[in-house]
Amino acid sequence: MWFNHNPAKRWQPVQTRGAAHPVNQTCLENGLTVLHQYLPFTPVVTVDIWVNAGVTREPEAVPGLAHVLEHMIFKGTETVSPQEFDRLLECQGGIVNAATGYDYAHFYMVTLADQLEPCFAQLAELLIHAAVPEAEFKQEQEIIRTEIDQAYDNPDWVVYQSVRQLVFPNHPYGRPVLGLAELPPFLSAAHVRDFHHQLYQPENMTIVLVGDLTHEQAIDLVHRHCDWPHTPASRDLLSSPSPLNPVDQRRYHAMETPGIDQARLTIAWLGPGVTEKEQGYGFDLLSVILTGGRTSRLVSDLLEQRGWIYDVHSEFFLQREGGCFTISVWLDPKYLEVVETVIREHMYQLGEIPIPEVELHRCQQLVVNDFIFGTEMVNQLAGLYGYYSILGELEQAFTYPRLIQAIDPKTLQTLAQKYLSPSHYAITTLQPCSY
């Protein structure tokens, strides 16, 4: 038995400022991390299981493998038949879903607290003992191909993937999470089983439980249904990504496609990784300064005053090794060149002129409010805890608002100078054509 028979001696409450019920982080003897928060005001429980098994862990020759495994997890084990878990949860009115990212995969469900145990038991069984049956693997490939085809039919997704390839040309961060346009023809169920066997190990996973469940009940549940030891892999097929390098010139990719009315323009820069959390939080502020509402700089200039664009949006995508900051614009094709020039001017100003305190305070309030609104529900809290647990440190989930409020104009100016060069960036454009 790998777990401590007296788990109360091994868990530590994480200090959540002002919270009546803190998050408990328990590290079990086999390396499995359990995060739990008791929220008695709601009758539901969210279970969110995070695995350090995203795109960055795929063998270079088998892109899309992490996403394929996400699908195959739900295809049964020796004791749980395909679809059995889905039927059980749906009969109880519960919700289940999964997602794959560059640095992780995660699987979550929401159900009533008094109906949790049978659903949790089956979800744990699927994740720990996924069988990846040959017949199910062949059937699921068609579903995955359809999903990939639908993504490539989305012009915004195509532009985003293109600009990521320019920012991360020799790194898994430059590949689509779903996989390339075609799955590797040699991809087999054995590849999927090897990937699962190597990465779905207890020391590589975090189980998050949030809701109407006491800590003792949570640990007992994990104890009874997640009692599996680490099993060494027979061979190592995993990749070792190359180091990231900043974009050192203007990297440009132009595309055309029929069937669209508006052109797209996306500009991107390499940003800090998760270990540089204060800098990453600064990018969340810079994003709001540029495109957060009608008074933000790019919306006010390009949309409200000049009328050159239909919409603009920016975001910072935090990743373990290095983030990606993007500005995406929807516009008439005739404005592509001048809009790029205006955006470069704004980036230059960010690095040269300190942001006024009034503007900074407004943006800090918007970011903090967005964080509060985005963590109101138990499933949102579970996702937040799991995300930071698997990428960085759980503490980051609680210090975010305070660190946002502490950022000053000089810090943002330094960030812009260091990362957001008005001369060195990646840019992809997509224009309508008639062919």
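In Y348, the OH atom is not crowded: 12 or fewer heavy atoms of neighbouring residues, nucleotides or ligands sit closer than 6.0 Å. Counting heavy atoms of neighbouring residues, nucleotides and ligands inside a 6.0 Å radius, atom NE2 of H361 does not exceed 12 of them. In Q92, the CD atom is crowded: over 12 heavy atoms of neighbouring residues, nucleotides or ligands sit closer than 6.0 Å. Residue-environment remark: CD (E337) stays at or below the threshold of 12 foreign heavy atoms within 6.0 Å. Surrounding CG of N170 are at most 12 heavy atoms belonging to other residues, nucleotides or ligands under 6.0 Å away.
Here the straight-line distance linking atom OG1 of T275 with atom CD of E393 works out to 9.5 Å at 0.5 Å rounding. Considering CG of L420 and CD1 of I343, their distance stands at 12.0 Å, rounded to 0.5 Å. Interatomic distance, I49 CD1 to L127 CG, rounded to the nearest 0.5 Å: 4.5 Å. Interatomic distance, T428 OG1 to L430 CG, rounded to the nearest 0.5 Å: 9.5 Å. Here L412 contributes atom CG and I289 contributes atom CD1; the two are 5.0 Å apart, rounded to the nearest 0.5 Å. The line from CG of L381 to OG1 of T375 is 5.5 Å long, rounded to the nearest 0.5 Å.
Panel note: side chain Q37, backbone V210; no donor-acceptor pair is recorded below 3.5 Å. The backbone N or O of E352 lies less than 3.5 Å from a partner atom in the side chain of Q413, making a donor-acceptor pair. Side-chain N or O atoms of T414 include one that pairs as donor or acceptor with a backbone N or O of K410 at under 3.5 Å. Within the 3.5 Å criterion, the main-chain N or O of Q249 finds no donor-acceptor partner in the side chain of R251. Judged purely by atom type and a 3.5 angstrom limit, R175 has no side-chain atom pairing as donor or acceptor with the backbone of G64. Looking at Q139, its side chain never comes within 3.5 Å of a backbone N or O of E136 through a donor-acceptor pair. Checked by atom type and distance alone, the side chain of E340 never pairs as donor or acceptor with a backbone atom of I267 at under 3.5 Å. In terms of modelled atom types and a separation under 3.5 Å, the side chain of D103 and the main chain of R320 share a donor-acceptor contact. Checking side-chain atoms of Q25 against main-chain N and O of L35 turns up no donor-acceptor pair under 3.5 Å. A donor-acceptor pair under 3.5 Å is formed between the side chain of E70 and the backbone N or O of T100.
The shortest distance between side-chain heavy atoms of I148 and E182 does not fall below 4.5 Å. Within the 4.5 Å cutoff, no side-chain heavy atoms of R193 are placed close to those of F137. When side chains are defined from C-beta on, Y160 counts as touching F317, because their heavy atoms get closer than 4.5 Å. Contact of the V222 side chain with the L209 side chain is registered, since non-hydrogen atoms from C-beta on lie closer than 4.5 Å. You'll find the side chain of H67 reaches within 4.5 Å of the side chain of E147, heavy atoms only. F107 places none of its side-chain heavy atoms less than 4.5 Å from the side chain of V96. Between V342 and W308 there is a side-chain heavy-atom pair separated by less than 4.5 Å. Counting only heavy atoms from C-beta outward, the side chains of K418 and Q279 approach each other to under 4.5 Å.
Using cut-offs of 30° and 60° for the angle between ring planes, the H36 and Y38 rings count as parallel. Between Y104 and H106, the angle of the ring planes goes over 60°, which puts this pair in the perpendicular group of the 30/60° scheme. The aromatic rings of F398 and Y385 are tilted relative to each other, their planes meeting at an angle between 30° and 60°.
Contact detail for E58 and P63: the closest heavy-atom pair is OE1-CA, 3.5 Å. Between R164 and C324, the closest heavy-atom pair is NH1-CB, 4.2 Å. The minimum heavy-atom distance between Q161 and P176, with the atom names listed, is OE1-CA, 3.3 Å. What you find for V192 and V68 is that their closest heavy atoms are CG2-CG1, 3.8 Å. The heavy-atom pair separating D212 from P40 by the smallest distance is OD1-CA, 4.0 Å. The two residues F316 and P272 make their nearest non-hydrogen contact at CZ-O, 3.5 Å.
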Side chain to side chain contact (heavy atoms under 4.5 Å, CB included) between Y387 and L318, intermediate numbers included: CA-CA 11 Å; Y387 175 80; L318 181 64; 3.6 Å; yes

With side-chain hydrogen bond (donor to acceptor under 3.5 Å, both in side chains) as the criterion, how do H253 and Q165 come out once you've worked through the C-alpha distance, each side chain's angles and the decisive distance to 0.1 Å? CA-CA 10 Å; H253 184 211; Q165 284 185 292; over 6 Å; no

Take H171 and T56 through the test side chain to side chain contact (heavy atoms under 4.5 Å, CB included) and record every step on the way to the result. CA-CA 8 Å; H171 193 279; T56 54; 4.2 Å; yes

Checking side chain to side chain contact (heavy atoms under 4.5 Å, CB included) for the pair Q319/E321: CA distance, chi angles, key distance, verdict? CA-CA 6 Å; Q319 299 168 146; E321 297 176 45; over 6 Å; no

In sequence, state the C-alpha distance, the side-chain angles, and the governing distance for V45 and F120, and then conclude on side chain to side chain contact (heavy atoms under 4.5 Å, CB included). CA-CA 10 Å; V45 173; F120 180 86; over 6 Å; no

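Ion pairing of R145 with E142 is present here, as a side-chain N (NZ or NE/NH1/NH2) and a carboxylate O approach within less than 4.0 Å.
The distance between the ring centers of Y425 and Y419 does not fall below 6.0 angstrom.
Remark: the S314 side chain and the S287 side chain contain an N/O donor-acceptor pair separated by less than 3.5 Å. No side-chain N or O of S300 forms a donor-acceptor pair with one of T295 less than 3.5 Å apart.
Shown are L350, V312, T291; of these, the side chain to side chain contact (heavy atoms under 4.5 Å, CB included) with R297 is made only by L350. For the side chain to side chain contact (heavy atoms under 4.5 Å, CB included) with W269, the lone residue among V247, T326, I327 that qualifies is I327. When L28, N204, I207, T206 are each tested for a side chain to side chain contact (heavy atoms under 4.5 Å, CB included) with T33, only one passes: T206.
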